[in-house]
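These notes concern the structure reproduced below.
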Amino acid sequence: MNKLRLFVLSVAWILPAQAAMTARTEELPADTTIAVDRIQVTAIKQGMALRSQPVASTIVGERAIERGHVDALKALSQTVPNLHLPDYGSRMTSSIYVRGLGTRIDQPVIGLNIDNIPVMQKNDFDVELADAERIEVLRGPQSTLYGRNTMGGVINVYTLSPLQYEGIRIGMEYASGNTCRLRASCYERIRPDLGISVTGYYNRSDGFFENRTTGERCDWERMGGGRLKLQWRNDRGLRIDNTFTASVVEQGGYPYAYVGPDIVHDGQTVIRHGEIAYNDPCGYSRTILNNGLTVRYDAARFSVSSITGYSYSDDAMTLDQDFLPLSYFTLRQALREHSVTEDLVVRSHDGKRYGWLFGAFGFYRHGTMEAPVHFKQTGVDELIFANANGHIDGLRFEKVSDELLLGSDFRMPSYGGALYHESRFTAGRWLFTAGIRIDVERTKLLYHSRGNLDYLLTVGDNAPIRMTASVDDRNSVSHTYTEVLPKLTALYAFDDQRNLYVSVSKGYKAGGFNTQLFSDILQEKLKGAMLSGSYPEQDILSYRPEYNWNYELGGHFSCMEGAVRGDFALFYIDCRDQQLTVFPRGSSTGRMMTNAGRTRSIGAELALQCSPWRTLDLHIAYGYTDARFVRYDNGQQDFNGNFLPYAPSHTLTVSVVKTFPTGVRWLGDLVLQAGLRGTGEIRWNEENTLVQPFYTVFDASVRLEHRHYTLAFWGRNLADERHDVFYFKSIGHEFVQRGRPRTFGMTLTLNIHKP
């Protein structure tokens, strides 16, 4: 109630007392009209304004990006209906949930394209969005045009063009947690047909959460990078864009708090409920190099586009995997990957009755990963020898060393190709779309797992014998998947801004391999060697692709001469083989992906933008999802009818922006903004016994906006709402990460336009 009162008072302070709503005669806000205009220029596959298409979409323009402090994808969470990107862990953690779909690890449920170039590695999703011109979020399966891992939708990010803007941009920010952000960019039009831009940035933060064991904050960050962009056009319809980006990040981590009864070890309480306390180093580092080349030729009746991407990613995650001040075990997972993509698109210029698009896509990825798990004293005692003893009467196992190294190396080559087509038929006010894609993918895992355990074996009353249990496995697993992905839509247009549509489309998410389970497999094999047993693992090394059929009824509307506009959608999703992250029961150390038999998701979305006066904007976005298991029995419990874990039932954003012209030319406008973001309920497990209730976070800002500068004072989570953004188990212990506390900051942006 206090948070709601705080929000209402802020809105009341922002809204001026006016007798009645005046008729709107001015144009739409600048960021909306710019976004619509430039979609037609830069988007290759959509080709026309998204509001005129049968798709649920949200466009965040340049002004909204700046005012909303959208510096990474996670800042879009809750702003877009039914889109949830929890902020926890590190920048490696890019979990995305949309309409009840999503997983925490491995394959994403939504695709990401930056300047038309696809980002293939989910670990690379959480990057700095410096000088983003606009962001498009398309919800629902986009697999016909975009292929694998877009069954929940696509996020398209477009950065500022040096052919449309010239000048220097400088950004400086200081905020809570001793957080500093610096950004500088230069945009130059060398010739009328040639432009170049250079962007650089550096961010640092000391973090917000303290590790009680070390006495230091554990979620610090250092990040830097840049972008070089070249664009060339000629008067014969040829366009060439090339963008090179590089970024480096170093982070501490992870701020996971123990939740449960106090743990007593050797007669002493080592950790209490709610404490972050672990003794071994944790952190994440990543280096990314990307280059994207887009060549487009516009002929009289059609256009041809070639989109070529190359990416190099090198990251390493270090974990005190028990997250306790005890010496159980640590993990260092280092992944290095190269990927190449090519997308060839030929499309007709939209005619009065018929339009078409043909495309061919191919990719190759090659990754190598090292994932050694280092067991220490407590882990060797309790996870290895305590489990081995007691199985056979008269046998006693004793350790020789307090440490055990389990090594796992992986090579993960994969490649695939696709052919796709889309036809568009116009009959009066009706627009019909039919599309199909044939997608083939070959994926392979080559692994080398090894471990040596020296121990003493005592049989009865005999003297102990020193023995060695050894495992050295080299093997490979491969799969080939062929997918056929159709799409059918029908749209009835009342005019350019109002329409209704229905759509039926199929999406899929690629399968993969449970590399993070190999430490468990090695443990069991070593214990099997000690006990002359065996451990079959082939059935759990892989998980299958996930499929869904999305049935949707939606529309776009506008009234009062554009003063009120919005979108809505109703959807039903039938999902087969949904991928879930599970933790094996007991004292297991790994996590794995498995496929639930069948799930379904029912929901609704509403986005509303009201601009009753030139100086007032109200934005409301609400999403509701009821996502449940239809058929899932893990052999120990039947979860049919339960809610899917980690996906919120409700997302809500309410934002009010009021602009006061100061009348002083050098001062610009005073802009007041207040917003409320809500999320929940979130079930943390398949049993639905652990729940994060619906919570709200209140934000506000005061800004001075001028053509050449912006000065903003802002606050987030002003009511200091306490909530959990993540939950998991490790060796039977439960942990959560709290949401960020109340934070304040100041941002200064300078725009030195070239005359």
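What you see is a predicted model, and the numbers here were worked out from it, not measured in a lab. Both backbone and side-chain heavy atoms feed into the values below; hydrogens, waters and symmetry mates do not.
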Scan side-chain atoms only and decide if [X] and [Y] contain a donor-acceptor pair under the 3.5 Å cut-off.
X      : Y      : value
Ser649 : Arg683 : yes
Asp638 : Asn640 : yes
Asp314 : Tyr312 : yes
Tyr447 : Ser476 : no
Glu403 : His374 : yes
Glu734 : Tyr727 : yes
Ser313 : Asp124 : yes
Ser470 : Asn452 : yes
Thr179 : Ser205 : yes

Taking NZ, NE, NH1 and NH2 as the nitrogens, is one of them in [X] or [Y] under 4.0 Å from a carboxylate oxygen of the other?
X      : Y      : result
Glu398 : Arg396 : no
Glu128 : Arg181 : yes
Asp126 : Lys74  : yes
Asp454 : Lys399 : no
Asp699 : Arg716 : no
Asp626 : Arg628 : yes
Arg286 : Glu250 : no
Arg450 : Asp472 : no

Original post:
Which is it for Lys122 and Gln107 under the side-chain contact (heavy atoms from CB on, under 4.5 Å) test, yes or no, and what are the steps along the way?
Top reply: CA-CA 7 Å; Lys122 186 175 76 74; Gln107 311 293 345; over 6 Å; no
Subject >> Test side-chain contact (heavy atoms from CB on, under 4.5 Å) applied to Met317 and Arg332, step by step >> reply: CA-CA 6 Å; Met317 173 182 64; Arg332 176 175 171 80; over 6 Å; no
Sub-6.0 Å ring centroid separation between [X] and [Y]:
X      : Y      : result
Trp714 : Phe744 : no
Phe385 : Phe397 : no
Tyr88  : Phe726 : yes

Rounded to the nearest 0.5 Å, what's the gap from [atom1] on [X] to [atom2] on [Y]? Could you check?
X      : Y      : atom1 : atom2 : value
Asn685 : Lys729 : CG    : NZ    : 7.5 Å
Ile276 : Asn211 : CD1   : CG    : 7.5 Å
Phe735 : Asp724 : CZ    : CG    : 13.5 Å
Phe410 : Phe513 : CZ    : CZ    : 11.0 Å
Tyr278 : Leu324 : OH    : CG    : 11.5 Å
Asn279 : Asp322 : CG    : CG    : 7.0 Å

Side chain of [X], backbone of [Y]: donor and acceptor closer than 3.5 Å?
X      : Y      : answer
Asn688 : Phe643 : yes
Thr625 : Ala627 : no
Glu210 : Arg212 : no
Ser601 : Arg99  : yes
Asp402 : Gln377 : no
Ser77  : Leu85  : yes
Asp320 : Asp280 : yes
Arg677 : Thr653 : no
Gln579 : Ala510 : yes
His273 : Gly260 : yes

Over all heavy atoms of both residues, which pair between [X] and [Y] is shortest? Give the atoms and the distance, please.
X      : Y      : value
Val477 : His479 : CG1-NE2, 3.7 Å
Gln737 : Asp87  : NE2-O, 3.9 Å
Asn82  : Thr651 : N-OG1, 2.9 Å
Ala246 : Tyr201 : O-OH, 4.1 Å
Gly89  : Tyr254 : CA-CD2, 3.3 Å

Is there a side-chain contact between [X] and [Y], using heavy atoms and a 4.5 Å cut-off?
X      : Y      : value
Val400 : Leu456 : yes
Met151 : Cys575 : yes
Leu83  : Val137 : yes
Leu644 : Phe629 : yes
Leu457 : Tyr455 : yes
Val248 : Ser285 : no
Gln692 : Trp684 : yes
Pro741 : Phe209 : yes

**OP:** Any chance you could lay out the side-chain contact (heavy atoms from CB on, under 4.5 Å) test for Asp206 and Arg204, step after step, and finish with the verdict?
**Re:** CA-CA 7 Å; Asp206 288 345; Arg204 60 153 293 157; 2.5 Å; yes
Original post:
Are Arg104 and Tyr646 in a cation-pi setup, meaning NZ or CZ lies under 6.0 angstrom from the ring centre and within 45 degrees of the ring axis?
Top reply: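 Yes, Arg104 lies over the aromatic ring of Tyr646.
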Original post:
Just checking, Arg740 and Phe208: is the charged tip under 6.0 Å from the six-membered ring centre and within 45° of the axis?
Top reply: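 Checked: cation-pi criterion not met.
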**OP:** Walk me through it: do Asp473 and Ser449 pass the test side-chain hydrogen bond (donor to acceptor under 3.5 Å, both in side chains)?
**Re:** CA-CA 5 Å; Asp473 283 349; Ser449 300; over 6 Å; no
**OP:** With side-chain contact (heavy atoms from CB on, under 4.5 Å) as the test, would you mind laying out the steps for Val157 and Leu112 before giving the verdict?
**Re:** CA-CA 8 Å; Val157 179; Leu112 172 64; 4.1 Å; yes
Subject >> Among Tyr258, Tyr328, Phe728, the one residue meeting ring pair (Phe, Tyr, Trp, His ring centres under 6.0 Å) with Phe323 >> reply: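 Going through Tyr258, Tyr328, Phe728 one by one, the ring pair (Phe, Tyr, Trp, His ring centres under 6.0 Å) with Phe323 is satisfied by Phe728 alone.
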Original post:
For His723, what residues pass the ring pair (Phe, Tyr, Trp, His ring centres under 6.0 Å) criterion, not counting sequence neighbours?
Top reply: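 Checked His723 against ring pair (Phe, Tyr, Trp, His ring centres under 6.0 Å); matches are Tyr695.
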